[in-house]
Every structure is written in structure tokens, then in C-alpha cells.
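The structure appears below as C-alpha cells.
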Amino acid sequence: MSPPLPAFLLLVSIAFTSASVAPLRPGFYAETCPEAEFIVKDVMRRNMIREPRSAASVMRFQFHDCFVNGCDASMLLDDTPNMLGEKLSLSNIDSLRSYEVIDEIKEELERVCPGMVSCADIIIMASRDAVVLSGGPDWEVKLGREDSLTASQEDADNIMPSPRANASLLMDLFERFNLSVKDMVALSGSHSIGQARCFLYSLQAL
Ligand code: HEM
Ligand SMILES: *[C@@H]1O[C@H](CO)[C@@H](O)[C@H](O)[C@H]1NC(C)=O
Ligand SMILES: *[C@@H]1O[C@H](CO)[C@@H](O)[C@H](O)[C@H]1NC(C)=O
């Protein structure tokens, strides 16, 4: 379960863009929900005992959330009659997992401090905790994100890389987030845990 350190160390230092205007800061919930970080970690721990793979799935969750219009939890929104959300986008459909982990954390937090902790922050905290609970390093997360009220399947489809993307395309994509080639390679080390579907290993045949 122990992934290579560089991937995690880089996750620490990456400042993804955020939907909110006020600067993010550590301890954002110190007054409004002092137990927030403890609760997130506790639910994450319970989920990893039930299903160790949820560590990987939650980590991937952060990547898919943050790359598409900022870390705003938009991928949690279901489709509506006039909005196609991100759940059914090419890289998420039948693939992105652990929605129920984020839901469970949110439920627990709503019981303790209703209306305080954003889902966008929950994803950031849970992803960090997935790393810590897998035996990786610990770090302080900046909080204070706001949840998006909209999502875009089209943006998700346009932004998220295909499993067949070549190196130059991936390097260009990561550069848009000010991530170097070194960052990209290290972050890809995240794939040392979790699973992928079989057909992805035989793409040459497609
Ligand atoms: C560099 C571009 C990337 C591509 C093309 C890519 C592609 C993929 C694909 C195709 C899968 C398998 C999905 C499935 O079978 O349903 C996967 C899984 C995964 N990805 Fe990535 N990925 C990329 C970057 C990242 C990054 C930056 C992270 C996190 C830092 C990440 C974390 C993961 C994890 C943990 C899994 C396993 C998830 C699970 O078991 O539920 N990936 N990725
Ligand atoms: C990488 O893929 C893009 C898009 O499919 C293509 O335009 C480009 O020529 C490819 N680059 C290399 C070096 O193969
Ligand atoms: C990347 O860095 C440039 C220059 O510092 C900055 O203007 C831009 O907003 C950054 N982009 C992202 C996605 O953080």
C-alpha cells in the first residue's frame, strides 16, 4: 500500500486554482467546526478498513476535481434537465469511485456543524488523509474553498486526458496548471496504488 514518496510530496506543494475568492488558509474551520479534520480522517479510516482501495479512489478524486475548473466539488453534482454534469464524462463514467466516501464524510460533518464545511474542502482533506493512512507523509492543507453550483461534462471531456494521450499532450496539459514534467511524473506515481480496468492495458489493440 505504500506508494513512492515523490508523488505525495508534490501533492503537498501544488496550489490548484480554487473557486473561492478569499485566500485559502490552514485552520479555516478552527472556530466554525473545530473537529472537522478529525472527523474527515476518522471516516476515511473506517472506509479504508472496509475497502483499502478507497485510498486510491479518493486520491484520484482530487485530481479529477481540481483539473476541471478548480477544486470546487463540481463532480459531485448530478445531471439536471439543463445541465450535464461531470459524473458521466469520459474519464469518470464507470470509473471514478468513492463518491459514497465523500457523501459519508459530508453527512457526519452536517450532523456536527451544519452548513459549515464545503465538499471541496472535504475532498482535499480526505485525499491528504488517504495518503497519511496509507503510510505516506502528512501535511497541512489550506482550506476555505466554496462548492460550485454548476458542473460541465463538456469541460471535463475536453480537459481530462485520454488514457491514450501521448507524453507531449500530457506535458502541455500539466503545464497549464503550472506543473512541470517532473511534477507530472511524480504525480503519476500515484498509480502505484489502486486499480485500473483490464481494457486499459490492451489499448494497442483498439
Ligand atoms: C497523467 C495523466 C493521467 C492519466 C492519463 C491517468 C489515467 C488513469 C486511468 C486510465 C486510470 C484507470 C481508471 C479505470 O480503470 O477506471 C487511472 C486510475 C488512477 N489514477 Fe490516474 N491518470 C493520470 C494522472 C493521475 C494523477 C495526477 C493522479 C493523482 C495524483 C492519479 C491517480 C489515480 C489513481 C489513484 C488511480 C486508481 C484509482 C482506483 O483504484 O480507484 N492519476 N488513471
Ligand atoms: C500527440 O498526440 C496529439 C493529439 O492526438 C497529436 O496531435 C501529436 O502529434 C502527438 N505527438 C506525438 C509526438 O506523437
Ligand atoms: C500559473 O502561473 C502564472 C504565473 O505565475 C499565473 O498567472 C497563473 O495563474 C498560474 N496558473 C495556474 C493554473 O495556477
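Since this is a predicted model, take the numbers as computed values, not measurements. Ligands are counted one by one from 1 in listed order, and the atoms in each one are counted from 1 as well.
- Between F177 and F67, the ring planes lie parallel to each other; the angle is under 30°, not in the 30° to 60° tilted range.
- When all heavy atoms of V117 and A36 are compared, the closest pair comes out as CG2-CB, 4.1 Å.
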TODO: Go through I122 and L109 one step at a time and tell me if the side chain to side chain contact (heavy atoms under 4.5 Å, CB included) criterion holds.
DONE: CA-CA 10 Å; I122 290 173; L109 285 170; 3.7 Å; yes
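- Residue contacts with ligand 1 include S188, since one of its heavy atoms falls under 4.0 Å from the ligand.
- Atoms of ligand 1 lying under 4.0 Å from at least one heavy atom of A196, given by number and element, are 12 (C), 15 (O).
- Side-chain contact, S118 with E146: no donor N or O sits under 3.5 Å from an acceptor N or O.
- I123 has its side chain within reach of I102: a pair of non-hydrogen atoms, C-beta onward, lies under 4.5 Å apart.
- Ordered by chain and residue number, the residues placing a heavy atom less than 4.0 Å from ligand 2 are N166, S168, L169.
- Distances from atom 21 (Fe) of ligand 1 to each N, O or S atom of H191 single out NE2 as the nearest.
- Residue-to-ligand polar distances place N178 within reach of ligand 3: an N/O pair is separated by less than 3.5 Å.
- A side-chain donor from one of N92 and S89 sits under 3.5 Å from a side-chain acceptor of the other.
- With respect to the salt-bridge test (charged N to carboxylate O, under 4.0 angstrom), the residues E100 and K106 do not qualify.
- A salt bridge is defined here as a Lys NZ or Arg NE, NH1 or NH2 lying under 4.0 Å from an Asp or Glu carboxylate O, and D42 with R46 meets this definition.
- Atom numbering of ligand 1 starts at 1 in the shown order; those under 4.0 Å from a heavy atom of S95 are 13 (C), 14 (C), 16 (O).
- The R53 neighbourhood of ligand 1 comprises atoms 39 (C), 40 (O), 41 (O), with distances under 4.0 Å to a heavy atom of that residue.
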